[in-house]
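The chains referred to below are lettered A, B, ... by the order of the sequence lines, with proteins before strands, and numbering in each begins at 1.
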Amino acid sequence: MRTKLLLATLFTWLGSGSSFGQIGVALDQRANAPESAVAEDVRLSFGMPSIIRVSEISANQSFKLQVFRKVSNSGLNHKQKVAQYVQRLGGGFRPPMVSWNRYPEAGIDAVIAEKLDSEFDRRGTLNGHIEAVVTANFPKAAWTHKQVLDAVSEAESSFKNCAPDNCVERLHMINQLRTQLVQAEQARKLIHMLLDDSGMIWQLEDFWYNHFNIHARKSVRDVSDFRSRLRGAMFGKFENMLLLTAKHPAMLTYLDNRLNTKNNINENFGREVMELHTLGKGPQRVADEANGTYSQADVENSARILTGWGIGPETEGARGFLFSAEKHFDAPATIMGKTFAQHDYEQGRQFLKYLANHPATARNICRKLVRRFVHENPDNPEVQPLINLLIKRFQSSGGDLLLVYQEMIASDAFWSASALRTQWKKPSLAVVSALRQMGIGIDDISTESVLRWISVIRDFGEDLLMQTPPTGYSDFNKDWVNANNAILWNKFLAAETEVYVASPKYSSFESCLRRNMVECQKIGLGANPTVITAAVSGLSDVFSLDAGFAFHPRLTEDIPWLTQDAQSDMRAGVHYPLRTVLEYYLSTPDFLRY
Amino acid sequence: MYTSEKNAKTSRREFVCAMSAAGVGLSVLGSPVAKGTTASDKTLVIIFLRGGADALSLVPPVATPWAPEYFSSRPRIHVPLSTTVGLPGGDGWRLHPKFEALQQMWNTNEMAIIMGAGSPNMTRSHFEQQDLIEKGLAINPTGGVQGYLARAMPWTPGLSTLGGVSIGDKLALALSGHNGSIALGLRPEGLNNVGGLGGRGWNVPTGIVERMRRGWIIGRKENSAPQNAGLQATNAIETITASQAAGGISSEADYKIPEFRNAVGLMLRLPNMKYVTVDVNGWDTHVNMGTPAAGTFSSLAGNLDSAIKHMRKDLEAAGRWQDTCLVVMTEFGRPLQENGNQGLDHGRGGAAFVIGSGLQRGVYTAPSFSLRAADLDAGRDIKVTIDYREYISKVLQSHMGLSENDVLTKVFPGFNPSSTLDLPLFG
């Protein structure tokens, strides 16, 4: 009934041309208190009936309206609309969260606009219930920065002071501690992606961590804190995020800038901050300031400007940035013809501010965002207008990322047919989305299962948070679609569906399918094609497919062949051919597109 | 002219003549040749040390004319003469202390070392340089381009359907662009059941191959990513399934670097595998290189030595060593001068090793090679005086059987071999 009220409200608005602000209908107001907002999020996350609320009149009105307009004018069918939201800005469908009676066709546009708006309101905050699952299974994930620092220091000095007969053991202990700290952070990332149904923050965090790549083991003391602060900064200005990352102990360690001093210049960070973090291109023989092209000499000057940046002693329980004037190369330095004559830390700060606001940086960041979230080929002519628009928005707002994301998500390009299924899933998303499709929930999370999935994702080539070169993982995901991964994918699904079918969770799907599977239950052996067809159509509903959505173009055509497998299943005592169909369907490359 | 073994030079022909004269009954090539060995059984393994491996730590110039420059520029990270491993006839160059197995290969005429090797492109960016090298170019093209090994494949005698493999999950750029190349990360034990789906307690009517035919190949757009992946995967599975595991293989603990073991596992099954690429990460030693006995660089060197040692051992036991050639290379070397963190920044000229039976051992340098301050690039880096394509061309011709014309026009277009450089790697 609330839905109807909302619809009536919206139609009134549309008809009268009045703004949201003038609607004098008594709608539920979102509670202001943060606790109840979290509670609502939790309910949404765990698939309980969502209460559609319209927020109070706020600055976000225009964003919500924009999304509503774009979605409703997009020409996409309602499943496509939901898919675009759930898959591009989350970890994929999770059956308790999405069944079609929860995302009714009528009103879908408003639902999506509302959900997106609430995800933005959330900013980078963690879902407390999911976080509890993380720390329950990986206790070291609950450690504060100080606890991590203390433990690592103690283990390291214990190793330094080892006696010949216990050195090997102590080395083993420090390595084990490092491994566990890395695993705790990998687990945090994976568990939230698996369980959080408001997944935009995890997509964004993955994007930015990849952009400001850190090797979790090299920066083991600081990686957890780094990710936490990154989440906090990613809805703010790019310039601030750049400065934050440049000064963070994790980055100062990873790219060696903490060792960059006037007597011993280390160029690592000075190079990558231009090549990767901002301007987005490598050094050339001749600099060209307008284009953001710099030379090797500019790299050397960049390194000089950034000397003296180091990690401070542990004060107040946490370590951070500490600038040392005596280690700083105090002289004006010129980059791409522009001279920075400030002294000390200010010189570096102004330099980074300059880089952050250079047009080439805006172009680099906006192209990357579009490549990740809209179309894998940012040179595709259909997305050029969007990229140009985002660059304008970036520059006119001083790099306000929240506004850039909103512009991107509330764009024609994002909700157009030509943006559908242009992306290939990278291994973490492929594995997460497959597990989510199988209805993963809190009960499936254990230390053992999470470590297993982390290991599987690593086998595909994506070692979470542990990419060695600062380029991070490529956003050209087609590269993951190769023969080796195709083989591993089939093996992974065979193993995982077996676990899944043996689990109590499977029975919850039985209930969804019971109306189609009754015949199947009665039949012990000798399944007939009708049964398989029923299984497929049952699956289709639960897993949100239909031919129009083109999930697997020929699934129904393959039924005679699938029947053979299903008969084998039945002979072995598995009464439902569902496992066969499910495994096959998930194993096809169509599942790997989104 | 190359600078080693000028007087003790023994070409293959001379060796054979000498032995024949001594009445020793050796076959024409001067070394044991297994029955049935033909040009089509040759395999080339490219071992890429990712990160820019420091040439002078791999092959310390401790008794060369440039020893003074070496010691004075690296007060904290030089390799002391006393710890190095000797290279008899190596003109004062010696090996890192951990390279005991490599020294053995030098002694048995199975290793050539090239110093001052690299790419003519001046970039010191890892990714750019690796990219260029794997494309076999000096300048980045505007469009997409195949890898140089992929370009070599059609012109390689005896190429079979599965001709190139990258060990691991990602196909090396060098092999990209040819349908006969795939990436395979499977361990030798995994190869035994490559096509099975595992985990089931009952008879599986269809394994991976059938699944992939249905789901990835049939009805897909031609040359699409899924279809190519499906075709390559099913082809690889069928080829491997039809093959037999031949010969024993040393343990993972022996190899230290599992990818080498995985490579050998595949090579033992598929003798007509032409090109294998193996990556070794971790050579980007900006800081804390450690001592010759312990620490970052030492571990890297020790692992590499073990891996190559056991690769040779297992291949030889199966009669495959004489058909195998290894090339160890890196994207660039590092500067002469250490930095303040007991490490080295990015540089230019590096070291390369060509390893295999029947090589003309030597430390090969261009006439202009020098470590004098005035001869360094930008006053800091060892100049690249031997283009990497020089030695790879030689290997492709002498070992893999490509014609010189094919190498210069198809594999390395735009490359002009130097007329002043003499690299008689194969005699």
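Among B/His126, B/His346, B/Met122, the residue with the largest count of heavy-atom pairs under 4.5 Å with chain A is B/His346.
Atoms NE2 and CG, on B/His286 and A/Leu255 in that order, are 8.5 Å from each other to the nearest 0.5 Å. Taken from CD in A/Gln284 to OG1 in B/Thr123, the straight-line distance is 8.0 Å, to the nearest 0.5 Å.
Contact detail for B/Pro226 and A/Trp424: the closest heavy-atom pair is CG-CH2, 3.6 Å. Taking all atoms of both residues into account, the shortest heavy-atom contact from B/Trp216 to A/Thr588 is NE1-CA, 3.9 Å. Here the closest heavy-atom approach between residue B/Ala229 and residue A/Val481 is recorded as CB-O, 4.1 Å.
With a 4.5 Å cut-off on side-chain heavy atoms, A/Asn482 and B/Leu171 do not count as touching.
Residue contact with chain B, scored on non-hydrogen atoms closer than 4.5 Å, is absent for A/Trp480. Neither the backbone nor the side chain of B/Arg50 comes within less than 4.5 Å of any heavy atom in chain A. Heavy-atom distances place the backbone of A/Asp459, and not its side chain, under 4.5 Å from chain B. Neither the backbone nor the side chain of B/Ala236 comes within less than 4.5 Å of any heavy atom of chain A. Only the side chain of B/Ile237 comes within contact range of chain A, with heavy atoms under 4.5 Å apart. Heavy-atom distances place the side chain of B/Asp345, and not its backbone, under 4.5 Å from chain A.
Identified by a heavy-atom distance below 4.5 Å to chain B, the contributing residues of residues 266-276 of chain A are A/Asn266, A/Glu267, A/Asn268, A/Arg271, A/Glu272, A/Glu275, in residue-number order.
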- Item | Test side-chain contact (heavy atoms from CB on, under 4.5 Å) applied to B/Asn341 and A/Asp256, step by step | CA-CA 9 Å; B/Asn341 309 128; A/Asp256 305 318; 5.8 Å; no
- Task: Go through the steps for B/Arg220 and A/Asp590 under the test side-chain contact (heavy atoms from CB on, under 4.5 Å), then give the verdict.
- Result: CA-CA 11 Å; B/Arg220 297 275 164 194; A/Asp590 305 279; 2.6 Å; yes
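Annotation for A/Lys218: atom NZ counts as buried by contact number, over 12 foreign heavy atoms lying within 6.0 Å. Within a 6.0 Å radius of NZ in A/Lys262, other residues, nucleotides and ligands contribute more than 12 heavy atoms.
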